[in-house]
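Have a look at the structure below, then the notes.
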Protein chains: 4
Amino acid sequence: MNEESKPLVICAPEPRTLDLIFTPDRLSQLRHRYKLLETTEDAVATLDDATLAEARYVLGQPPIPAETLAKMENLRAVLNVESNLLDNMPYDEVFRRGIHVLTTGAVFAVPVAELGLALALDLARGVVGADMDFRNGCEEWGGDGNANARLLTGAEIGIIGFGDLGKALNRLLAGFRARVRVFDPWLPPSILEDHGVEPASLETVLSSSDYVFVLAAVTSENRGFLGAEAFERMRNGAAFILLSRADVVDFDALLDAVEGGHIVAASDVFPEEPMPADHRVRRLDGFIRSAHRAGAMDVAFKQMGDMVLEDMDLMDRGLPPMRCKRAERETASRMRSRPVTTN
Amino acid sequence: MNEESKPLVICAPEPRTLDLIFTPDRLSQLRHRYKLLETTEDAVATLDDATLAEARYVLGQPPIPAETLAKMENLRAVLNVESNLLDNMPYDEVFRRGIHVLTTGAVFAVPVAELGLALALDLARGVVGADMDFRNGCEEWGGDGNANARLLTGAEIGIIGFGDLGKALNRLLAGFRARVRVFDPWLPPSILEDHGVEPASLETVLSSSDYVFVLAAVTSENRGFLGAEAFERMRNGAAFILLSRADVVDFDALLDAVEGGHIVAASDVFPEEPMPADHRVRRLDGFIRSAHRAGAMDVAFKQMGDMVLEDMDLMDRGLPPMRCKRAERETASRMRSRPVTTN
Amino acid sequence: MNEESKPLVICAPEPRTLDLIFTPDRLSQLRHRYKLLETTEDAVATLDDATLAEARYVLGQPPIPAETLAKMENLRAVLNVESNLLDNMPYDEVFRRGIHVLTTGAVFAVPVAELGLALALDLARGVVGADMDFRNGCEEWGGDGNANARLLTGAEIGIIGFGDLGKALNRLLAGFRARVRVFDPWLPPSILEDHGVEPASLETVLSSSDYVFVLAAVTSENRGFLGAEAFERMRNGAAFILLSRADVVDFDALLDAVEGGHIVAASDVFPEEPMPADHRVRRLDGFIRSAHRAGAMDVAFKQMGDMVLEDMDLMDRGLPPMRCKRAERETASRMRSRPVTTN
Amino acid sequence: MNEESKPLVICAPEPRTLDLIFTPDRLSQLRHRYKLLETTEDAVATLDDATLAEARYVLGQPPIPAETLAKMENLRAVLNVESNLLDNMPYDEVFRRGIHVLTTGAVFAVPVAELGLALALDLARGVVGADMDFRNGCEEWGGDGNANARLLTGAEIGIIGFGDLGKALNRLLAGFRARVRVFDPWLPPSILEDHGVEPASLETVLSSSDYVFVLAAVTSENRGFLGAEAFERMRNGAAFILLSRADVVDFDALLDAVEGGHIVAASDVFPEEPMPADHRVRRLDGFIRSAHRAGAMDVAFKQMGDMVLEDMDLMDRGLPPMRCKRAERETASRMRSRPVTTN
């Protein structure tokens, strides 16, 4: 294809890089199909008018002031290669013009779901503790080591938040014959039923589950909505697995509930990352710690590139994007997860 | 029911007890339907002729000499509430007479499969190490901690031995879209295909898997069949999860393969239980230890009672038992797993 | 709730009626939560300004001229209770303002998929012919009647068009262990793979399938895209099942291919409905006829009401609709299926 | 392999033939691995002593008198390539000696289950009637033709008899989200639960199902157990699909129940085959007829050969057969289905 006739893509994917999100093969495809302008976030608004007018896609989430946007008359989509939305472009006008804002957080769904299942099974069977005891020569053999052991098969499982991650986790649970209840106020009950799970209130999910998975994104409305009262509602000995963002829970109340022996817990996210060296979370029993490692796998980053290419192909053909998640006019301004600063 | 007209069950379930394998409700049912003679293993052969003649079932696996068996003219089944067969009764004559010898090892299938999956996911994501690092204040955050992380979803998985446990594990894997290959020389290929797995040679299972699960029972023929050569065949970085009996592997060769960094591994069984206090397995990195805890859960023992009651109900009605596993004339003498001495 | 404070819904659901799409209970709910203005399609544009300004939802697909739309300043959605889009409102402005245009065609997915499977199984086993022969006293018994019989289990299946209907059919096929290939140029390959089917070209779907299901909507681009050449490409004896719209095939070429004995076929849709009394399709062997009955089941119409209520509930809470299908800016003008005139 | 050292198989597979049950490739394999003595049923008892003593397998179900059996000192199995057991050999002695009697009826499970599903979907949607009306120019279009239409998805389904066929049907139903209840007095409840179905009494299955599938083999105890009272118990408009043997129902009572409009029905089996030319079943509305065609497909017969080869391979290696169904000491004499006389 003649270089000049290729559609222009402005690339400013910070904190990602093109090499992080594309395999060499996919990067070749990208370069073959598009003219790439690789720049930094802050430089986008300073590009010349002709370049802005020509750009069909923005790859990344750079600040786009209103006057810059006005010049981007051929823009079809901002593919932000993130799971979050920064408040750095006039979304109303973006939506008015039918420009798609696409996020790629779905790539983390399977990696996070697998770690979530690993943590749940570990809490159920005491894998970490059993291995530490064995190292220390104080392991208990056979049934003696299973006083608190329990199964996931046939258990009652609660999921809070049923986006891509919730759906991925539910799929992993397919073989466990579990009863899965879901609280998600953004989804109609019948969609949950179509996925084979039971719609339930937050209260029911908390009080009727052996395992509670928290997968809800942070919004302007749900900060700290899981506090002392929520943990009290939970079954004695139940497991609480936190995978989305620490801001949705009152973290101290969570640690208290574990320390008091009412529940066990595991978390991949923390109110400060890293946590202070002397924080009690570091030694708390009945708690498994993972340092925000659930999603950040290379295989996930590479899938971002695949998704971006697939949706750009659809949009090139005048079709709507189907692979990435589209920001919604109604909820764009409510999403409040802090964007990541490192991959 | 008139007590006298109830069928007689000789109970000698050592090392189990009736209270271990029956819930109070089930034990009531058992007592309601049958006349129980609770005795010890060694006393069975000393029972009086009338009692022996009357007994319909033996619950447990006591020694039954030929002359004792000859007197048990109404015996329909020995329900041994174990997974193993002791060489303590004349099996040929038992089979000739059509007396069923029933084992209940299937109750351990789901508990062991769940622990196996927990260990595999743990090896894939470094859950134990990440938690220990976090405790010690040296955790790595985000992608930095994921250098060796990998997924189970879409992986190539090998299963060696496809009995109840293999089938349970395969069911748990339903949501992982994995390619599962199975080596089991006792099963025809088409049965494996019916379960959605690929029949494969031992060599292929070893060399083409990201995760290898060893679920094979010990027989007179397969002691130590997984040795240095087998581990060499495995993919670099692959995970080896041993769940059945330590006797099927050359344990030192396994530890060498892990110590050399070629593979990672986890095991629930050991050549000596407990292992010596100073054994290198206790500190080996890339290895997760579980002290024979996979199956011995209360929920599993209670299921034994359920199975026993269901099959006794069928046999009472003149039907063949369908719930427990029947010892087979061809293979009874080949089963060589050491019976457990504790529950 | 005070009647005056309820949101206003303009109802003009022709050719549906409120009683068709709502059960009595659901209709009570609708009336309880909303103020309903029941009118006819043509009267909507004549409503007074205050009414238009107040309306939050339009239920139905009445003509909405630009000047009428301009007055509807609180309009959030047009819920058209159809599967098609009429060219009777200024869609560009509708989309610019973020008003959702929602269709409910998904309710027909399961009914159509079940009939599609019935027709495929019928073609595979000759159910209609065998019953007619039995009535006529000329039935063939046992294997003699199975010369052309074949299985769906393990077959190669092609699906053309993978919207709600394709997904429903694929779900019904879950137990058949079939290899399913899908042609759908509007979906990226990875979404098809997520559903467990193989993305394929139209040519491959046609030439490699034992059963071809045509589920594609008519667009401005695909009229008659399945003609003589397509049928020639098909395997000898393969089955062609047409469920979406007759306009996507060259119907005469289809009948020729069946008459010539190359394929067998079934169709729920016809180029004229009803077909002329003397049309050859009426007596063609190797062809099963269904008079556009696949979707029009009462249970489907009632589900429309459920979907409408669920999405209105979300929009009432400021959330985007998730249950109905949204018209897309890019494709709204391409959809060309003739709307139904009867239910 | 030296011809003389090959194991001997006596082949008398009437009414099958070797060419019916083996593909050319499989037949080559059979001949390569075994020495075949092809004879007729009646000639087996007349074979010379050396031949009888040498035979490892009998393929077919010839009469084997006690004195003949006594000479067959190396006999491991009778592979009868049928679904039934004739009373033509001393089964007690066969079982006493541990000779397996193997049946291959499982090959019919999928073909029969698919036809059963076809018949159920046809009854649900009136496929036969709609096609006949269309031929006759009196078809009803759209919803007008759907007055009695109903879905299988989400329905309540009853299965009577849960052997290979019941399990195959249940697998085909996987995508229908149906509630499946099963009556099978020969299976313990927990095995049914393992298959995801609900154990239920015959009464509950009849009275709580929208579709009742009869898959039960005829035994000495269940002749005609489904009579007028059973049909009365069924829901008004429910569908009765008979697939196993006509002898389990009171056929006249079934026809009465359909003629009276209480239920609809379909059957693949009949009390006389063929039925008299003037029998009312030939013209009964609400009834679909299939002339014992459900199982007799070439693909099923060929699978018999595969099963036989797989189990002979296991037995050659001293292992128990796992692929075919073994006759059971307790029930062999109860099986009363008439053997087929034609394939």
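Not one N or O on the side chain of C:E114 forms a donor-acceptor pair closer than 3.5 Å with the backbone of D:L121. In this structure, the side chain of C:R171 does not engage the main chain of D:F176 through any donor-acceptor pair within 3.5 Å. Counting only distance, with no hydrogens or angles, the side chain of D:D131 and the backbone of C:I288 share no donor-acceptor pair below 3.5 Å. A donor-acceptor pair is defined here as one N or O able to donate and one able to accept, closer than 3.5 Å; such a pair exists between the side chain of D:R125 and the backbone of C:A294.
Taking the six-membered ring for Trp and thresholds of 30 and 60 degrees, D:W141 and C:F270 have ring planes more than 60 degrees apart, a perpendicular arrangement.
The residues C:R293 and D:E140 are annotated as not salt-bridged, no charged nitrogen and carboxylate oxygen being separated by less than 4.0 angstrom.
By number of non-hydrogen pairs under 4.5 angstrom with chain D, the leading residue of C:R177, C:M132, C:R282 is C:R282. In terms of non-hydrogen atom pairs under 4.5 Å with chain C, the most contact-rich of D:V299, D:L152, D:V110 is D:L152. Between chain C and the options D:G145, D:A130, D:P274, the largest number of non-hydrogen pairs under 4.5 Å is found for D:P274. Top candidate by heavy-atom pairs under 4.5 Å with chain D, chosen from C:A118, C:A174, C:G129, is C:A118. Annotation: maximal heavy-atom pairing with chain C below 4.5 Å, among D:P111, D:G137, D:S290, occurs at D:P111.
For a residue to count as touching a neighbouring chain, one of its non-hydrogen atoms must lie under 4.5 Å from one of that chain's; by this rule C:T153 touches chain D with backbone and side chain alike. Neither the backbone nor the side chain of C:L173 comes within contact range of chain D; no heavy atom of the residue lies under 4.5 Å from a heavy atom of that chain. Interface remark: D:A277 contributes no atoms to any contact with chain C (heavy atom separation under 4.5 Å).
Other residues, nucleotides and ligands place more than 12 heavy atoms under 6.0 Å from the CG atom of D:D256.
With a 4.5 Å cut-off on side-chain heavy atoms, C:V127 and D:V127 do not count as touching. Put simply, the side chain of D:E139 does not reach to within 4.5 Å of the side chain of C:R289, judged on heavy atoms.
Nearest heavy atoms, D:G142 versus C:A296: C-CB, 4.0 Å. Across all their heavy atoms, D:R135 and C:L284 have their closest contact at NH2-O, 4.4 Å.
To the nearest 0.5 Å, the span separating CG on C:N146 from CG on D:D298 amounts to 10.0 Å.
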